[in-house]
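Worksheet: the structure to be examined is printed underneath.
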Amino acid sequence: MRRSLILHPVALTALVVLVVNDHILKDRYPGLATGKFSDFAGLALLPVLVVSTIELASRRRLSRRVLWLISSAAALGFVFAETTAFGSLLFEHGLGVAQFPVRLLLSGADSVAPIRHVADVADLIALPAAFIACLISRDAAVGSRESDHHHLTV
Amino acid sequence: MNRSHFQRLATILVIVAGWIALVATSPPSSTIESEEFTGTVIVSPERPEVRVPFDLEFTQDEHDPGGSGMTIDVVHSWTDIAASRLPVTIQNPSGSVEVDSRYFVCRDCESSGELVIEWPWWETEGSVVVTWVASAALSYDTDTPPADASVAFEMDVPPIEIEESRIHPVEALDEPIQREELSLEGEPDPADHFRIAWPGWHVDPKEVPNSVLVRWGDQSATLVPGLAVEIPVTDLCIPDCEAELTYFLDREPSSFLGPWELIAPLTAAFVGGGTVEMSVNNIPVPSAKSAAIEREVTIPPDPGQEELVLTIVTDPIHDEIAPVARVSYVATAADSVAWVEYDRLTTRVGEHSAAYVDGEEPKDQDSTSVPLLCDQLECGAVVPIVFENELTEAASLLLDLDIEVFHADIVGHQVHASLTDPE
């Protein structure tokens, strides 16, 4: 059985890139690269997070078929948000709702505030990153089998 | 704790961190806002559509045209849009004007649009004042916007045309500023009532009272813009259903910069059966006349003195209506004027902390208005001027007295400004 995808080095790297880029690099080195880093990292991280959360809650591993489905759904959602006004609006309000509990705790916000997002077709360059979860799941499974084998032979 | 427990704990921690990073904290944002712009227009059957063009101008040239990677969105917002209960249509009251903004590098870029305010076509009389506050903003998905970014917002609000017959310069408080006659035909139900609303003034509300008093019989109610007052029909239908509503200023205006206008007719509606006939009788008042007198007063150094009294006396005026002196002053003193009081009513005219340095322009200037009480011989007012600190050096006040008189000629134009110690 493979270990949780979220502990895979690629997933951890995506998480670090997302945080550092959003909060430090975009500010200090604004440009095309930092503009896209977060798209790549976020799109790579989203399916991994969804899969890992479901697996943690259900205490069983999801099949690769389900993994592909989740990754495809993330990719389609991204396309929807970046190419249509309604998708962009949905994204703004959806994330606004998701952020509300944190804003409530940190700043005492009393209402949901949508985030600001501008649909940009050029962001679709990051689309392949949505399927990184599928790639690293095989790697994680192999790594897990090797680890288990090593554990048995010791 | 064995290895699987440790791995499970690590999984939980990273998942929580991942969701927080992905959802809760992203994306950070910052905004540059333009100055707010206030506009007021009036729509009526005679002027059923008002178009207010606006322009946005934004500048940012710090970054490479290849792409800043920042989300920049130009948004103009309209707040405080107020109108009466009539369903005035306001097109484009909010929303965003998107520029080619994803990789926004722009010097003096412009975008324009139009705010359209429409009168409801099915209403054949009345008028509505629409006021709003507009601003524009550039939003970034970074914590700090570029230092060179700016946004400017301009509106070209058409001037308000005031019909001469509807101008009401201020008078004494006990003089009605407008009368309306209501008559009701038919048999009203005791539960019926009149609904009277007052849209507001045509000019800056800071310069005029923010409410008026409406009286009928021995009763009265205070009207404030935008809020309706309901008068039970039984109050008006004694002994018959004909009543006269009179409107009064309910407090002394803080300044007398008129003319201004009480929107007429006020929107009165009868809620219930029957028909209401309403006629408006405006009270004509001639325009104000004014005389400006400038006087410089030197205050000798007098340690310990904290209050001086300015006495304004005008020559007799052949009229029963009290004139008004608008006093503005420039204080060229180290410790300058704190406030001006009149007749137990303190009119706070601003914080004054003009540090006077030789050769500099005086920084301290403000104004207030005082009614000049008239008897048969003269009109006078006493204005105590209070200093925040003890005077330790010579100071001077440049007094600019602007006396406005309604309904009368000014005789003499003479003003005596004298400073006396209240002791």
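In what follows, chains are A, B, ... by sequence order, proteins preceding strands, each numbered from 1.
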Tell me, please, which residues at least two apart from A:F78 pass ring-ring contact (aromatic ring centres under 6.0 Å, His included). none
Report, as yes or no, whether the 6.0 Å neighbourhood of atom CD1 on A:I54 holds more than 12 heavy atoms from other residues, nucleotides or ligands. yes
Under 4.5 Å heavy-atom distance to chain B, tell me which part of [X] shows up: side chain, backbone, both or neither.
| X | answer |
| --- | --- |
| A:L15 | side chain |
| A:L56 | both |
| A:V16 | neither |
| A:L12 | side chain |

If the condition is side chain to side chain donor-acceptor pair (under 3.5 Å), which residues does A:S71 pass it with, not counting sequence neighbours? none
Write down the atom of B:T11, the atom of A:S4, and the distance for their closest heavy-atom approach. CG2-OG, 3.3 Å
Taking the side chain as every heavy atom from C-beta outward, state whether B:W19 and A:L46 have any pair of such atoms under 4.5 Å apart. yes
Return the option, out of A:T53, A:L45, A:V19, with the maximum number of heavy-atom pairs under 4.5 Å with chain B. A:T53
Passing candidate, side-chain contact (heavy atoms from CB on, under 4.5 Å) with A:I6, options B:L13, B:I12, B:I15: B:I15
